[in-house]
Asker: 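Below you will find the structure I want to go over with you.
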Amino acid sequence: MKRASQALVAYPGSEDEAPAGAPERKKKKLPSLASSLIVPVPLDDPALHQGRVRATPHVEGQYAAYVYIPLVVHPGTALYSLVDEVLDVTKEMVPAAHAIGEIVSYSRHSGGLVVNSSRRARELHLSLTRLIYLRAHQREEFKQAIKLIASRQTPFQASFATFSELTNDERTRAFLSLEVGAGHNELRDLLSALSPTLQSLRQRDFYSQPRFHVSIAWALLGPDTSVNGDADTTRHPLAYEGVIAVEGTSDDDLTSDGSIGESNKEFQSECFPRIPHFPSELIPTLNQRFGARVSSAHIGGFGADTIVVKIGKDIFSWPFQGSLVNP
């Protein structure tokens with residue numbers, strides 16, 4: 001049986017949509033989005049962060065993170081007094097230097113609880129990772145991995161050995177640091193424990209020849225300078241001792257190629273002085289005057305019993321719970 005052929009249906013073309021001479025239709029304007037639905041774009045202003053500049057552009061949904069062992073230095077302790085003395089000498093020799101260490105209020109309640117007080121403590125960080133970047137769905141996985149490491153790690157004693165000068169990878173800042181001597185092997189074990197997680201997240205490991213340390217002061221470096229010491233990304237412009245802050249340049253001060261505008265460069269040079277490097281005599285002077293004290297177990301010794309991860313603005317910590325006695 002033959003199927004009856006059907007004529008094709010003709011649709012009008014664009015030339016048939018409106019007759020010639022007809023008035024032009026006005027396009028409807030879409031309503032603007034409510035302000036509550038608009039996500040604000042972070043503005044980077046070096047003036048708000050002592051001249052420091054963002055090295056990695058802001059990406060929505062990406063979180064800066066790093067892992068460290070906290071060292072809270074309490075007023076009245078020998079180490080607190082030593083750090084204060086060292087900072088005084090450093091400021092005399094390097095007026096552009098800034099002290100590091102978030103100041104936190106503390107006092108011990110009769111029941112052992114920590115409550116707010118007028119007395120202040122300095123919190124320093126002993127970094128175990130470079131600054132890394134996590135997507136939102138990776139945060140929980142990373143936290144659980146650090147928690148597992150803490151459950152297996154035994155608390156240990158460490159101590160400082162010497163003063164040194166280090167820089168970040170971008171060579172934008174120099175840091176005055178206290179390097180760790182005793183405890184180095186245990187810290188290397190922690191790096192080994194962290195490595196599989198970092199690799200699974202496609203993040204770089206810490207340095208192959210790490211120099212474990214806490215930094216106590218920093219200074220801005222001028223362009224095209226080189227200083228003594230190893231590069232250290234844990235002292236990235238987004239990661240400070242005791243605090244992680246958003247840094248960078250203001251959108252209004254960026255040129256078309258993303259560099260800092262000339263007017264902003266002049267402003268920064270006036271308000272935030274830069275140095276080519278620390279004076280060559282700084283580290284020898286500090287080691288001569290304070291080296292014996294900082295390397296003594298009584299003053300430079302400290303217990304490592306907690307691991308912390310900071311993701312964005314959120315901080316998570318877990319105590320070391322491993323045992324020296326195998327079950």
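Values below: all heavy atoms of this structure, side chains included; hydrogens, waters and symmetry mates excluded.
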Asker: If you look at every heavy atom in Leu190 and Leu128, which pair is closest and at what distance?
Answerer: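 Heavy-atom minimum between the residues: CD1-CD1, 4.0 Å.
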Asker: I need the Gln203 CD to Leu134 CG distance, nearest 0.5 Å.
Answerer: 6.0 Å
Asker: Please test Val180 against Phe160 for side chain to side chain contact (heavy atoms under 4.5 Å, CB included), starting from the C-alpha separation and ending with a verdict.
Answerer: CA-CA 4 Å; Val180 172; Phe160 297 117; 4.1 Å; yes
Asker: How close do Ala97 and Thr90 get, heavy atom to heavy atom, and via which atoms?
Answerer: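 Looking at all heavy atoms of both residues, the shortest contact is CB-CG2, 4.1 Å.
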Asker: Show, in sequence, the C-alpha distance, side-chain angles and deciding distance for Phe156 and Asp189, and conclude whether the side chain to side chain contact (heavy atoms under 4.5 Å, CB included) test is met.
Answerer: CA-CA 12 Å; Phe156 60 93; Asp189 290 342; over 6 Å; no
Asker: So, for Ile216 and Leu87, which heavy atoms are closest and what is the spacing to 0.1 Å?
Answerer: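 Closest pair (atom of Ile216, atom of Leu87, distance): O-CD2, 3.3 Å.
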Asker: Rounded to the nearest 0.5 Å, what's the gap from CZ on Arg204 to CG on Leu198? Could you check?
Answerer: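 The CZ atom of Arg204 sits 11.0 Å away from the CG atom of Leu198.
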Asker: Between Glu85 and Arg289, does at least one N-O distance fall below 4.0 Å, as a salt bridge requires?
Answerer: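 Arg289 and Glu85: not salt-bridged.
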Asker: Could you report the tightest heavy-atom contact between His213 and Ser215, atom names first, then the distance?
Answerer: CD2-OG, 3.6 Å
Asker: Please examine the side chains of Arg274 and Leu221, heavy atoms only from C-beta on, and report whether any two atoms are closer than 4.5 Å.
Answerer: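 Result no, sub-4.5 Å side-chain heavy-atom pair not found.
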Asker: Using 0.5 Å steps for rounding, measure from the CG atom of Asp84 to the CZ atom of Arg122.
Answerer: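 Rounded to the nearest 0.5 Å, the CG-CZ separation comes out at 6.0 Å.
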Asker: Is the shortest side-chain heavy-atom distance between Val73 and Leu124 below 4.5 Å?
Answerer: yes
Asker: Is the NZ atom of Lys143 crowded by more than 12 outside heavy atoms at less than 6.0 Å?
Answerer: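 Enclosed.
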Asker: Could you pull out the closest heavy-atom pair between Ile307 and Ala150, with the gap in Å?
Answerer: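 Taking every non-hydrogen atom into account, CG2-CB, 3.7 Å.
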Asker: Taking the six-membered ring of Tyr80 (Phe, Tyr or Trp), confirm whether the NZ or CZ of Arg120 is under 6.0 Å from its centre and within 45° of its axis.
Answerer: no
Asker: Going through the distances and angles, do Ile315 and Val308 end up as a side chain to side chain contact (heavy atoms under 4.5 Å, CB included)?
Answerer: CA-CA 7 Å; Ile315 299 175; Val308 177; 3.5 Å; yes
Asker: Taking C-beta and beyond as the side chain, do Phe163 and Leu178 meet within less than 4.5 Å on heavy atoms?
Answerer: yes
Asker: Just wondering, are more than 12 heavy atoms of other shown residues or ligands nearer than 6.0 Å to CD in Gln288?
Answerer: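 It does not: Gln288 CD has 12 such atoms or fewer within range.
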Asker: Asp305 side chain to Pro155 main-chain N or O, any donor-acceptor pair under 3.5 Å?
Answerer: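 Judged by distance alone, no pair lies under 3.5 Å.
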Asker: Report yes if some heavy atom in the side chain of Leu194 is under 4.5 Å from a heavy atom in the side chain of Ile146; otherwise report no.
Answerer: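 Counting from C-beta outward, Leu194 and Ile146 do come under 4.5 Å.
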Asker: Any side-chain heavy atom of Phe142 within less than 4.5 Å of one from Val67?
Answerer: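 Counting from C-beta outward, Phe142 and Val67 do come under 4.5 Å.
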Asker: Would a distance-only check, ignoring hydrogens and angles, find a side-chain to backbone donor-acceptor pair under 3.5 Å from Arg293 to Gly300?
Answerer: no
Asker: If you measure from OG1 on Thr197 to CD on Gln138, what distance do you get to the nearest 0.5 Å?
Answerer: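 Here the interatomic distance stands at 11.5 Å.
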Asker: What pair of heavy atoms forms the shortest contact from Pro284 to Ser280, and how long is it?
Answerer: CD-O, 3.3 Å
Asker: Is Leu148 reachable from Val309 through a run of I, L, V, M, F, W or Y residues, each pair having side-chain heavy atoms under 4.5 Å apart?
Answerer: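 Per the 4.5 Å side-chain linkage, Val309 and Leu148 are not co-clustered.
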Asker: Please tell me if the side chains of Asp314 and Tyr63 come closer than 4.5 Å, counting only heavy atoms from C-beta onward.
Answerer: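 SC-SC contact between Asp314 and Tyr63 ruled out.
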Asker: Hey, could you give me the CZ/CG distance between Arg211 and Leu187, rounded to the nearest 0.5 Å?
Answerer: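 Here the interatomic distance stands at 15.0 Å.
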Asker: With a 4.5 Å heavy-atom cut-off, do Leu176 and Trp218 have their side chains touching?
Answerer: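 Contact flag for Leu176/Trp218 side chains = no.
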Asker: Does Asp169 come within less than 4.0 Å of Arg130, counting only side-chain N to carboxylate O?
Answerer: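 Counted as a salt bridge, because a side-chain N and a carboxylate O are separated by less than 4.0 Å.
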Asker: Rounded to the nearest 0.5 Å, what separates atom CZ in Phe320 from atom CZ in Arg152?
Answerer: 13.5 Å
Asker: Stepwise, does the side chain to side chain contact (heavy atoms under 4.5 Å, CB included) test hold for Leu191 with Phe212?
Answerer: CA-CA 11 Å; Leu191 295 191; Phe212 298 110; 3.5 Å; yes
